[in-house]
2 protein chains.
Amino acid sequence: MTTQTSSPRRYRGSAIEARRAQRRQQLIDAACEVYGRNGYRHSSVKQVCDAAGLTQRYFYESFSHSDELLIACYEQAATALREEITGAAERASVDRAERGRAMLLAYFQALKARPLIANLLLVEIRGISPAVDKAIFRALQAMNRDLTRVVVRPDHQPDELLHAGVMGGVIHIALHWMASGYRQPTDVVANTAFKLSAAMHG
Amino acid sequence: MTTQTSSPRRYRGSAIEARRAQRRQQLIDAACEVYGRNGYRHSSVKQVCDAAGLTQRYFYESFSHSDELLIACYEQAATALREEITGAAERASVDRAERGRAMLLAYFQALKARPLIANLLLVEIRGISPAVDKAIFRALQAMNRDLTRVVVRPDHQPDELLHAGVMGGVIHIALHWMASGYRQPTDVVANTAFKLSAAMHG
DNA sequence: CTAATCTGACAATGTGTATTGTCAAAGCAT
DNA sequence: ATGCTTTGACAATACACATTGTCAGATTAG
């Protein structure tokens, strides 16, 4: 009688589910890199597998379509970004405006620190498929909730459309900034975005 | 001695260049329809040609890649939209803010009146190729110039990044509105966008 | 009418890629 | 050591589509 209950066999020290999960994660990390660099639609399954050091059969072990892998990449990156941003807000002062400014600064800092992820999150992701669009929508809504919770006064009725506009505006500022090769200083960009977000406080 | 100097031959009453131009236009109009409905990347050359009532050979007569046709569609639609918007601004009062509001209203009215064109202009166009991205960039800059000329005070130094943000915000508001099936009344949407654009007047 | 050219339908080719299948070598349990 | 599973490399298949080529019939000029 062995110690593990579930896995009938171990390879290289780990159980079958652990190996699968590891390979899945390898694929996701490699795909973030490849998709961010070449763009999703100019990347093939084979390229991703090569970058991950795995064979194509392992792609089909964890994902049924390329879309699924893309969504996994996106959600991992978006979640990490969200955590960075909310963390920055909590470390900032209690003033709502200052928290908003801190979130924006953290946002642009993160984009500059990982340009490939930024490209994946803001450029390559668009217009792939309805399933991907839904994932984007969910991620933006989650961010919107964070933002509302942190910067909007509790008594203030939130305007969904206006919030969407502010987020879209911030994203476009980021896109312009990225396209220019991150020319302007990060805090200047964050401040510009902050001006835009003032529409929410009114 | 015939009346026409250039064309060596006439078919169905028109010269060769005229026939070519007509077929080209047929292809553009059909492509706007097909791309707007199915999305650019889910449309084939054959589908567009069928919709235009032409054979594939005529596609290659006027365009060398699909991208070229897409760009032609986009530019035709964007130019028409721009003319509608600037026309509305000129018909409005001389007050800068009111002109801005009139432009926004005209923008959202146009999007609602031609949903397929709206889908092409704001959704399907994104992330196709560098050449298409350049066309988008040009069109947005042209709009930005219109906007600046009409609503910003002449003595006010324009902030490029902030303007990009406002335009991106307006576009996102439109996207949300479209995704909801144009739920909210057009003037309410335009007013929301107007609030956002207030960041420019500051 | 006749010859030249334009038109439209369709076949032929080429390419890139997803997806499935095969198989020998390596790794583990007993 | 031996038999079973897993792994990795690669071949085989399938498919969709762009792009080029062919050709008979329609259209026009002279």
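A, B, ... follow the sequence lines: proteins, then strands. Residue 1 opens every chain.
- Inter-residue side-chain proximity for A:Tyr107 and A:Arg82 is flagged as unmet; no heavy-atom pair is nearer than 4.5 Å.
- Residue A:Ile16 contributes atom CD1, which lies 13 Å from atom C1' of C:dC28 at whole-angstrom precision.
- A salt bridge between B:Arg101 and B:Glu98 is present, with a side-chain N of the basic residue lying under 4.0 Å from a carboxylate O of the acidic one.
- The residues B:Lys46 and B:Asp50 are annotated as salt-bridged, a charged nitrogen and a carboxylate oxygen being separated by less than 4.0 angstrom.
- Side-chain contact between A:Thr55 and A:Cys49 is absent, with no heavy-atom pair separated by less than 4.5 Å.
- The separation between B:Arg19 atom CZ and D:dA26 atom P is 18 Å, rounded to whole Å.
- Looking at heavy-atom distances under 4.0 Å, B:Arg41 makes no contact with the nucleic acid at all.
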Protein-proximity profile, nucleotides 15-27 of chain C, B/S/- by nucleotide at the 4.0 Å heavy-atom cutoff, equals ---SBB------B

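- Closest contact between the side chain of B:Tyr58 and the listed nucleotides D:dT6, C:dA9, C:dT7 involves C:dT7.
- Taking a cutoff of 4.0 Å between a charged side-chain nitrogen and a carboxylate oxygen, A:Glu61 and A:Arg24 do not qualify as a salt bridge.
- The environment of CD in A:Gln22 is sparse: at most 12 heavy-atom neighbours from other residues, nucleotides or ligands sit within 6.0 Å.
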